[in-house]
Asks: 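First the structure, then my questions, so here it is.
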Amino acid sequence: MHYSKTAFRNGTEPTIVTNIPYFMDVIGQRMDFSDYDLQKLNRLYNCSSSLSFMDTCSFELENICGMIQSPDDNSDWQHLSHVPAGPNTDHTNMGECEDSGYFMHFNTSAVAGGSTAILESRILYPKRGFQCLQFYFYNSGSESDQLYVWVREYSDAHPNGTLRLIEEIKGSPVNYWQLHHVSLNVTSKFRVVFQGARGTGLSNGGLSIDDINLSETQCPHHVWHIRNFTDLLNTSPAGTEGKIYSPPFYSSKGYAFQVGLYVNGTNDNPFNLAIYLHLISGANDDQLQWPCPWQQVTMILLDQHADIRQRMSNQRSVTTDPLELSDSSPNYFWDRPDKVGSTASFPNGTTFMRGPGRGTNAFLTHQRLTSRDFIKEGGVYILLTTEDVSHLVSAQPSVSPTTTANTSAVSTVRPTSIATTTTRPTATTRPTATTKPTITTRPTDRPTATKTPITTSLVTLTEEPETDTPEACLDNPCENDGVCIIVDRKAVCRCPAGNNWWYMGEKCERKGTTQENTIIAVSSTITVFVVMLIVTVTTVVCLKKKYSKGEGKQKEKVESLTLEENKTSF
């Protein structure tokens with residue numbers, strides 16, 4: 001929750017200088033919570049358990065996280081640190097730590113076709129009814145070797161559990177660890193079951209799994225694995241020549257999109273990852289609503305730490321606002337790519353239209369990129385999730401646009417110079433960017449790309465939300481530019497303040513300054529000093545008078561005794 005050292009810089013000097021020099025390059029990070037952050041938050045809010053975390057296992061210990069070998073198979077999974085045919089190292093430490101780095105391996109080259117090996121997790125107790133299983137998989141065996149993911153669900157009717165197949169993983173052997181996500185929807189206590197099956201083809205190795213994490217969250221919809229990322233980082237130039245694009249993906253609503261990544265940053269901001277979302281022409285464009293309304297795409301650069309609780313992934317969300325205008329043309333920014341985009345081509349030569357991109361040129365600095373486990377085996381993973389967040393907008397008061405039609409075309413007519421508030425909703429579990437309403441003025445009679453009117457919601461400034469509790473004061477009783485808000489159905493003033501001044505009082509009617517406080521403090525000090533001085537002087541005078549009277553009486557007494565002695569001697 002802090003800007004970086006160069007935020008809002010106009011020149012070469014940093015705008016923020018930390019008291020401790022080490023933290024100059026620490027402030028301003030937008031990654032997930034660190035392990036220390038979570039410890040502080042848990043202590044602060046007295047949290048003893050996680051709502052979403054269920055299990056993690058990197059197989060570093062001999063007890064393999066309480067997993068068990070099933071008796072219902074004819075082979076076993078082995079606890080190994082390397083396999084001659086691969087993998088050469090585990091995924092957790094990548095061979096960097098001596099005498100550590102283990103994974104589970106089913107040697108399909110040593111068993112007959114049709115053999116199986118079953119590994120079951122400990123019993124797990126769900127809370128939310130949906131889970132995401134994430135693990136790394138390495139196939140050095142045969143293309144016909146398969147990995148099955150099951151769940152064994154327990155109930156009163158089936159105390160020994162019933163098996164339900166969730167996913168089947170197969171494919172050609174590769175020489176690297178592959179990330180897999182499997183969505184579970186379990187509501188009763190269960191075990192996760194990994195079943196390796198020997199195929200019929202020639203096998204030189206087997207199936208391996210490592211770094212398993214299970215959490216009650218939604219799995220990402222798409223995964224972009226950039227395998228040669230380290231090479232790109234060392235060789236790509238800054239700017240558009242160093243920009244790479246993801247494969248095409250589709251949202252749940254059918255919109256096609258790509259993610260563009262500047263590996264070495266833009267020309268004006270090098271040594272930073274820059275990431276942008278682009279809509280592209282797709283198979284469903286004629287059946288979709290344009291401009292694209294309220295599709296939120298979250299792009300996550302995965303921190304590949306073995307324990308999901310200690311990851312500090314970096315994410316950014318982009319929401320398509322159908323009312324957003326292009327910066328360089330009178331078109332809508334998120335309109336059909338074949339209307340507002342430019343021609344591009346896939347690696348196989350197929351051409352398509354790519355729309356303009358929206359994102360950030362300061363996604364992640366190269367320094368932070370190498371400070372965590374973002375890069376493993378020379379590659380990175382970008383996780384993509386799409387969500388329709390129009391329901392967050394439809395809850396707001398709206399007026400329908402006026403439409404007119406003629407014999408040649410149908411156009412959407414927007415009221416002239418109507419100030420409208422466009423709210424960009426976010427629906428991620430963590431805040432990724434500040435959401436601000438923007439006041440815009442829309443032109444009239446803008447032709448649409450389709451032959452039917454585009455229905456969009458315009459929230460006028462004069463309409464108020466339909467709610468029992470007012471969100472703003474009807475009459476602002478606050479003085480001196482104070483802001484009135486409703487707290488417990490009562491009007492409360494929030495008074496303005498500056499560096500050396502502030503307003504106070506129920507209506508912000510009184511002003512205070514640091515100068516006044518200084519004067520009051522000095523005056524009080526002087527007053528106390530004068531009073532103490534008077535008290536001291538008075539005390540000294542009184543004591544002096546007291547001792548003076550005592551000495552006089554003593555002198556009279558001595559003189560009296562002297563006279564009596566003289567009389568006696570006579």
Side-chain angles (χ1 to χ4, degrees), residues 30-32 52 130-136 167 178-183 213 215 217-229 232 243-263 273-285 288 292-304 308 311-321 334 337 341 344 346-347 352 354-364 369 372-376 379-390 424-433:
R30 295 293 183 268
M31 297 184 293
D32 286 348
S52 60
F130 58 90
Q131 302 82 27
C132 182
L133 174 67
Q134 180 189 104
F135 62 94
Y136 287 86
E167 188 156 331
Q178 295 175 297
L179 176 64
H180 285 270
H181 293 88
V182 179
S183 295
N213 284 281
S215 61
T217 57
Q218 299 288 357
C219 289
H221 298 154
H222 307 287
V223 177
W224 180 20
H225 185 197
I226 310 175
R227 289 200 55 222
N228 59 338
F229 185 81
L232 294 172
K243 187 178 183 180
I244 61 174
Y245 291 94
S246 72
F249 299 112
Y250 279 87
S251 72
S252 58
K253 294 294 183 180
Y255 291 93
F257 67 94
Q258 268 187 324
V259 174
L261 183 70
Y262 291 84
V263 177
L273 293 184
I275 195 166
Y276 293 86
L277 172 70
H278 300 262
L279 291 181
I280 63 173
S281 55
N284 308 312
D285 288 0
L288 297 174
C292 178
W294 308 118
Q295 298 296 298
Q296 185 176 83
V297 179
T298 301
M299 303 166 285
I300 303 175
L301 180 64
L302 179 67
D303 179 3
Q304 299 184 66
I308 193 173
R311 290 177 178 172
M312 293 181 66
S313 300
N314 197 60
Q315 67 176 330
R316 180 62 61 98
S317 294
V318 175
T319 305
T320 63
D321 181 351
W334 299 107
F346 294 120
F352 64 98
R354 180 189 293 134
R358 180 69 77 214
T360 175
N361 66 350
F363 183 59
L364 187 69
L369 178 67
R372 303 287 304 177
D373 290 329
F374 291 107
I375 305 175
K376 277 193 173 182
V380 298
Y381 284 95
I382 294 180
L383 313 182
L384 303 170
T385 300
T386 63
E387 186 176 4
D388 183 355
V389 295
S390 58
R424 307 187 182 195
T426 58
T428 54
T429 56
R430 299 176 186 268
T432 58

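Index from 1, following the sequence. Everything quoted here is computed from the prediction, not taken from an experiment.
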Asks: Examine distances only and state if a side-chain atom of Gln296 and a backbone atom of Thr319 form a donor-acceptor pair shorter than 3.5 Å.
Replies: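 No.
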
Asks: According to ring-ring contact (aromatic ring centres under 6.0 Å, His included), who are the partners of Tyr255, at least two apart in sequence or on a separate chain?
Replies: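 Trp290.
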
Asks: Got a sec, which residues hit salt bridge (Lys or Arg N to Asp or Glu O under 4.0 Å) with Arg354, two or more places apart in sequence or on another chain?
Replies: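 Per chain and number, Arg354 pairs via salt bridge (Lys or Arg N to Asp or Glu O under 4.0 Å) with no residue.
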
Asks: Ile226 versus Val263: any side-chain heavy-atom pair under 4.5 Å?
Replies: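 Ile226 vs Val263: side chains apart.
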
Asks: Between Lys253 (side chain) and Asp388 (backbone), is there a donor-acceptor pair under 3.5 Å?
Replies: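 No: the side chain of Lys253 does not pair with the backbone of Asp388.
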
Asks: Taking Phe363's backbone N and O only, do any of them form a donor-acceptor pair with Asn314's side chain (distance below 3.5 Å, no angle check)?
Replies: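 Checked: pair present.
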
Asks: Does some side-chain heavy atom of Cys292 sit less than 4.5 Å from a side-chain heavy atom of Leu279?
Replies: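 In contact.
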
Asks: Got a donor-acceptor contact below 3.5 angstrom from the Thr320 side chain to the Trp294 backbone?
Replies: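 Looks like yes, one N/O pair under 3.5 Å.
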
Asks: Side-chain contact test, heavy atoms from C-beta onward, threshold under 4.5 Å: evaluate it for Leu369 versus Phe229 and give yes or no.
Replies: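 A side-chain contact under 4.5 Å exists here.
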
Asks: With sequence neighbours excluded, tell me which residues meet salt bridge (Lys or Arg N to Asp or Glu O under 4.0 Å) with Asp303.
Replies: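 Salt bridge (Lys or Arg N to Asp or Glu O under 4.0 Å) list for Asp303, sorted by chain: Arg372.
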
Asks: Out of His181, His222, His225, His180, which residue meets the ring pair (Phe, Tyr, Trp, His ring centres under 6.0 Å) rule with Tyr381?
Replies: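 Testing each of His181, His222, His225, His180 against Tyr381, the sole residue satisfying ring pair (Phe, Tyr, Trp, His ring centres under 6.0 Å) is His225.
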
Asks: Within the structure provided, determine whether Arg358 and Trp334 are in side-chain contact (heavy-atom separation under 4.5 Å).
Replies: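 Yes, their side chains come closer than 4.5 Å.
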
